[in-house]
Amino acid sequence: MSAAAGDAVGEVVGSAVGALSGDAAAQPDEVAAYALRLGDDALVLAQRMGEWIAAAPELEEDVALANIALDLLGQARTLLTYAGTADGRTEDELAYLRDAEGFRNVHLVERPDDGDFAYCVARLLGFSAYQVELYARLASSTDHTLAAISAKAVKEVAYHRDHATQWVLRLGDGTEESRIRMQAGLDAVWPYLAELFETDELVARLGDVAVDPAGLHEPALAYVRGVVHQATLSVPEVAVAPGGGRRGEHTDALAPLLAEMQALPRAMPGVRW
Amino acid sequence: MHGNDATLDEPADDDPAFLALIDDDGRVEPRDAMPQGYRQSLVRQIAQHAHSEIIGMQPEGSWIGRAPSLRRKAILMAKVQDEAGHGLYLYAAAETLGVDRVDLLDRLHAGKQKYSSIFNYPTPTWADIGAIGWLVDGAAITNQVPLTRCSFGPYARAMVRICKEESFHQRQGFEILHTLSHGTTEQHEMAQQAVDRWWWPSLMMFGPADDESPNSARSMRWGIKRFSNDELRQRFVDMTVPQARALGLTLPDPDLAYDEATGHWHFGEIDFSELFDVINGNGPLNAERMAHRRGAHERGAWVRAAADAYAAKHASRSAGTAA
Ligand SMILES: [Fe+2]
Ligand SMILES: [Fe+2]
């Protein structure tokens with residue numbers, strides 16, 4: 001295992017900017033709120049991907065999904081650490097001591113996969129396509145910490161997107177059964193993609209510190225559609241799910257995920273682990 | 001299985017030239033002629049080792065979602081990922097002997113091949129994750145370091161890669177327990193109870209006592225095994241007792257005492273009836289571990305079939321364009 005698995009956080013956050021001060025025009029608490037969104041997306045999906053470790057369809061995939069989960073967790077840690085500098089909270093206080101209403105992730109990442117590999121792969125395709133476009137642009141943020149985090153993360157998520165792409169192609173153009181399952185996975189994930197690209201006032205106020213997600217819709221979806229076609233599948237035509245994760249409104253799947261994740265630190269508060 | 005021509009050349013189990021090569025500390029490589037017994041015994045051992053790596057992902061994997069800090073979560077994920085990697089190296093080493101991973105997994109799932117019984121014990125608290133890293137990975141290192149000099153090249157080389165990672169595993173387990181032991185009273189208790197649970201089972205990881213271990217002598221003659229079960233067990237105890245002191249935890253053995261004359265730690269008698277009970281399927285979690293493994297395998301069958309079908313289609317398509 002990489003010796004760095006536990007200690008990658010200081011590396012990025014520490015070397016860039018210690019605390020929230022990257023852009024003179026931006027309010028520190030608003031930059032923190034933005035970092036928190038991105039961090040929550042990565043954390044919740046890392047938790048979901050972690051469920052596959054020791055349960056994947058083959059051993060190579062246990063390794064690959066663990067890699068992806070680790071990358072996402074690493075992104076979450078740097079982003080939460082950075083967000084926490086606004087009010088003195090640690091990454092763990094943010095991860096373990098907020099209720100579902102406090103989380104700002106999109107619904108896409110919290111939905112349970114229930115052991116459905118097609119769902120897992122479809123979600124990863126959509127989410128990583130979004131993340132590639134996001135981090136590529138955020139690497140030029142006027143906030144140096146967000147820029148540094150993004151420059152590192154964009155390479156990771158490009159790999160995630162490639163991995164998901166390979167699986168959608170194999171499953172779409174594999175057997176009759178896998179084709180049906182892969183299409184069903186895409187159909188199930190599709191309603192949740194729109195929320196990724198919703199813009200709001202926070203993003204508008206942050207200007208060049210942030211990236212307006214509305215502008216990512218076209219390139220990210222173009223990529224996903226291309227993969228879907230190449231996989232001989234069809235682009236789902238389904239209604240968009242309501243969304244609201246950025247405002248703390250979540251589906252009923254998030255609370256149980258957090259209950260599991262947070263159980264121990266909540267049962268024994270204030271101790272070191 | 002391996003080709004017929006290899007079978008024809010196969011030396012007898014006690015072939016003098018083969019034994020001379022072993023005595024000379026020579027390495028046996030997959031293309032070399034080797035006795036059938038040697039080959040079979042390696043397949044059995046490497047397969048069992050590989051199965052242990054992947055079943056061993058379960059007790060710790062169940063805590064990935066519940067690790068009490070993000071740093072611990074990252075370390076645990078990386079550790080369980082390593083164990084999957086170890087499984088891959090070992091199945092690949094076994095395949096050099098002419099068997100197939102798919103068949104080995106089928107044999108595991110059918111209960112025809114075993115895995116280390118240690119993974120049939122439960123992990124009820126976070127401290128069990130520390131105890132597994134410290135004791136179980138610690139025992140694994142003790143067993144595996146001599147295997148880096150095993151006479152069969154691919155197994156020895158797999159062990160070199162694996163042992164590098166195992167020392168991180170042991171260290172992170174030690175660190176979990178150290179933090180708990182020096183934390184609140186409740187945390188200290190949690191750590192002590194986990195060590196109480198895992199100490200005796202980890203001593204049993206070295207297998208039965210030498211006089212009860214019929215295959216050992218042959219494995220040693222063939223240079224697969226370099227030290228006896230009891231020698232390795234003693235080495236583990238000698239290494240671990242001072243570490244327990246550094247942790248501020250006790251080992252649950254009233255007979256544990258340093259023997260000035262031998263320079264070794266004397267330990268109490270091991271209740272092997274428990275080990276045999278667990279080996280025979282009556283451990284706390286044998287059924288659950290196997291059900292989880294078979295379940296993941298069966299749920300993934302359509303995915304593997306699709307990957308095969310896709311690869312076949314694309315191989316024939318590119319063959320088609322070439323022709
Ligand atoms: Fe291992
Ligand atoms: Fe290990």
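Bear in mind the structure is a predicted one, so any value in this text is a computation, not a measurement. By convention in this document, chain letters (A, B, ...) are assigned in the order of the sequence lines, proteins followed by strands, and residues within each chain are numbered from 1.
The backbone N or O of B:Leu70 lies less than 3.5 Å from a partner atom in the side chain of A:Asp92, making a donor-acceptor pair. For B:Arg66 (side chain) and A:Gln262 (main-chain N/O), no donor-acceptor pair under 3.5 Å exists by modelled atom type. The backbone N or O of A:Arg272 lies less than 3.5 Å from a partner atom in the side chain of B:Gln187, making a donor-acceptor pair.
Residue contact with chain B, scored on non-hydrogen atoms closer than 4.5 Å, is absent for A:Trp52. With a threshold of 4.5 angstrom between heavy atoms, A:Leu43 approaches chain B through side-chain atoms but not through N, CA, C or O. Using a 4.5 Å cut-off between heavy atoms, A:Arg181 touches chain B through its side chain atoms alone. The contact between A:Leu80 and chain B is made entirely by side chain atoms (from C-beta outward), counting heavy-atom distances below 4.5 Å. Both the backbone and the side chain of B:Ser69 come within less than 4.5 Å of a heavy atom of chain A. The contact between B:Leu180 and chain A is made entirely by side chain atoms (from C-beta outward), counting heavy-atom distances below 4.5 Å. Contacts of B:Arg171 with chain A are absent, with no heavy-atom separation under 4.5 Å from either backbone or side chain.
Ranked by non-hydrogen atom pairs under 4.5 Å with chain B, the options A:Asp173, A:Asp62, A:Ile53 are led by A:Asp173. No other option in A:Glu58, A:Glu51, A:Glu60 has as many heavy-atom pairs under 4.5 Å with chain B as A:Glu60. If you tally non-hydrogen atom pairs under 4.5 Å between each of B:Ala306, B:Gly87, B:Ala309 and chain A, the highest count goes to B:Ala306. Of the listed residues (B:Ser62, B:Gly65, B:Ala67, B:Gly61), the greatest number of heavy-atom pairs within a distance under 4.5 Å of chain A belongs to B:Gly65. If you tally non-hydrogen atom pairs under 4.5 Å between each of A:Met261, A:Glu177, A:Arg266, A:Glu176 and chain B, the highest count goes to A:Met261. Chosen from B:Leu105, B:Ile54, B:Leu88, B:Ile64, the residue pairing most often with chain A at heavy-atom distances under 4.5 Å is B:Leu88. Of the listed residues (A:Leu59, A:Val63, A:Leu171, A:Leu264), the greatest number of heavy-atom pairs within a distance under 4.5 Å of chain B belongs to A:Leu59. Residue with the most contacts toward chain A among B:His314, B:Glu83, B:Lys73, B:His292: B:Lys73 (heavy-atom pairs, distance under 4.5 Å). Each of B:Gln58, B:Arg101, B:Glu166 has some count of heavy-atom pairs under 4.5 Å with chain A, and the biggest count is that of B:Arg101. With respect to chain B, the highest number of heavy-atom pairs below 4.5 Å among A:Ala263, A:Ala56, A:Ala69 belongs to A:Ala69.
Contacts from residues 295-303 of chain B to chain A, taken as heavy-atom pairs separated by less than 4.5 Å, involve B:Ala296, B:Arg299, B:Gly300, B:Trp302, B:Val303 in sequence order.
A distance of 10.5 Å separates CE in B:Met77 from CG in A:Asp71, rounded to the nearest 0.5 Å.
Counting non-hydrogen atoms of neighbouring residues, nucleotides and ligands closer than 6.0 angstrom, the CD atom of A:Gln230 reaches no more than 12 such neighbours. Other residues, nucleotides and ligands contribute only 12 or fewer heavy atoms inside 6.0 Å of the NZ atom of B:Lys164.
Between B:Ala74 and A:Arg77, the shortest heavy-atom distance links the atoms CB-NH1, 4.1 Å.
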